[in-house]
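To start, the structure itself, in structure tokens.
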Amino acid sequence: MVKTNWFKDAFIYQIYPRSFKDSNGDGIGDIRGIISKLDYLGDLGVNAVWLSPCYKSPNDDNGYDISDYRDIMDEFGTLEDWKEMTDGLHKRGIKLIMDLVVNHTSDEHKWFRESKKSKDNPYRDYYFWRKGRGKDGKKPPNNWISRFGGSVWKYDETTGEFYLHLFSPKQPDLNWDNPKVREEVRDLVKYWLDLGVDGFRCDVITYISKVPGLPNGKLGGDDMFTHGPNIHKYLRELNDGILSKYDCMTVGEAAGVTVEQAILYTGAERRELDTVFQFEQVAANAFFQVVPRKINYLKTKRVFAKWQRGLYQKGWNSLYLENHDQPRCVSRYITDNPDMDNNFRKLSAKMLAVAVYFQQGTPYVYQGQEIGMTNLKFRDENDHSDVMSKNILRLVKKYAPFLKGYAMNALQKVGRDNARSPMQWSADKNAGFSDVEPWLRVNGNYKEINVAEALSDPDSVLNFFKKLIAVRKGNEVVRDGTYSEPPRYENSRDLYVYERELNSKKIIVACNFRGKNIDFDGSVFGSGESEVLLSNYKIEKNPAELRSLRPFECLVLRAE
Ligand code: NOJ
């Protein structure tokens, strides 16, 4: 088996199945819904899909709590449907990356149901069970804080012990120090690879190794469960044991990863992961996801530059602006005013794509981003469906009710349901997503922002994405070239200008982050021969003669 490193040439489309397309009129997206949109994906030009979890699940966290790793969630269809979808993707030259959620299972998984039963159950050590502290043993065993708020420990009456859950109490953490757990993971990875899967997005993979003894930590225990002592050993074992036998890719969701650590995770000779999602670009604009910060373009640019330079020839980046946990990028980076000017919305959605996708790495576009979808408008707390948002609101109500307005405002900006509202296919009822009222509200702007409209508008964000994907495809300068920024624009808070270079061939990208004209000296494009590969305005003069960039203007130039 030869590894082809196809991930370096992939353009990946993320599907959040619950919100993509409902085929059977229950208000929930499903696999046959995806099948009905395969031609849409083919036309877009992407060559891989990352499918968020579609396994059996009680849906406490919309499928990120798995109760059976080898079967499909009832609401989504059957394994037969899944096979048909996978064949349909492959026929169109699109690979399939499944979500691998193995830091935790659902509390309804057979392993956990057994584990709970008694202290000597064979599955007991599949999870972390500990005695409580204090006289009555009812205090949590350590000070770790759950990613969704509150302690990571839940007391269980059956055996009088606590179990560990870094996420919701319905997502108990697997104990990777138990070799049987690692074998189970290897087997289920093999199961899906044998069914034709081409890779895995490894959910919160940086949390799988905990410091032995589970001691108290700083910052709610982050230092005790992130990049733990055996993380590299476990990943290499998984790679050597199974992943390396298939021409597949892996991308690790790597909360808290630094450039130095990412090199350890993704360096080819390390045999661990192919690439990781870093979160520094998110951290530049929000604390812990839930506390938005004022957008800082300069800081964001510096994060990009640091990762581009840091991983060059040492690892591999993942390029993204959105996913099912992040707000919509035009709302986050440009304006969160739901009545934003439609022309500016289109221009800025295109500009943001150019800012990110000509960097080195594997690009990911999240469903709806390609038509410039925006954040949902939450009317009140009942509009939130996400387990994390609901937990935050519950904790605020209990311990700090005076913060409710602040929390609602923060969730409006960065809450996870923003990106989970149903995909806007048309101006028909429920945005063409479903015949019945969907599980989460449709964004009120679906009559203007939808796929049908975008297909008929030559100037749409969608048509721009198609061009962008085509321009990027097979371009060696974009894939392998160096990254640099002309020094005069490096500190600009308004413009983002960068160059990619390989064997004296150059790609130069210029973006205006602001909704007004900004002075710009086109001579950075050089005086030699050049060609505009992509732009979101009509370019009427030689780019070298430009003296300003228009509101949200972006240009991609090929220069010799
Ligand atoms: C990261 C996933 O992207 C998120 O949606 C989920 O809640 C957590 N991991 C827990 O699985």
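Whatever order the structure lists them in is the order used to number ligands and atoms, beginning at 1. Here, residue 1 is the first one in the sequence, and each next residue gets the next number.
Partners of Asn142 according to the side chain to side chain contact (heavy atoms under 4.5 Å, CB included) rule, which considers only residues two or more places apart in sequence or in another chain, are Trp144, Val152, Trp153, Leu214, Asn216. Residues satisfying the side chain to side chain contact (heavy atoms under 4.5 Å, CB included) criterion with Asn178, sequence neighbours excluded, are Asp125, Tyr126, Asn175, Lys180, Val181. Qualifying salt bridge (Lys or Arg N to Asp or Glu O under 4.0 Å) partners for Glu237, counting only residues two or more places apart in sequence or in other chains: Arg182.
Checked by atom type, the side-chain pair Thr275/Ser318 shows a donor-acceptor distance below 3.5 Å.
In this structure, ligand 1 sits under 4.0 Å from heavy atoms belonging to Asp61, Tyr64, His104, Phe148, Phe167, Arg201, Asp203, Val204, Glu253, His324, Asp325, Arg416, Arg420.
Between Val387 and Arg416 there is a side-chain heavy-atom pair separated by less than 4.5 Å.
Side-chain atoms of Trp192 never come within 3.5 Å of backbone atoms of Met98 as a donor-acceptor pair (strictly under, hydrogens ignored).
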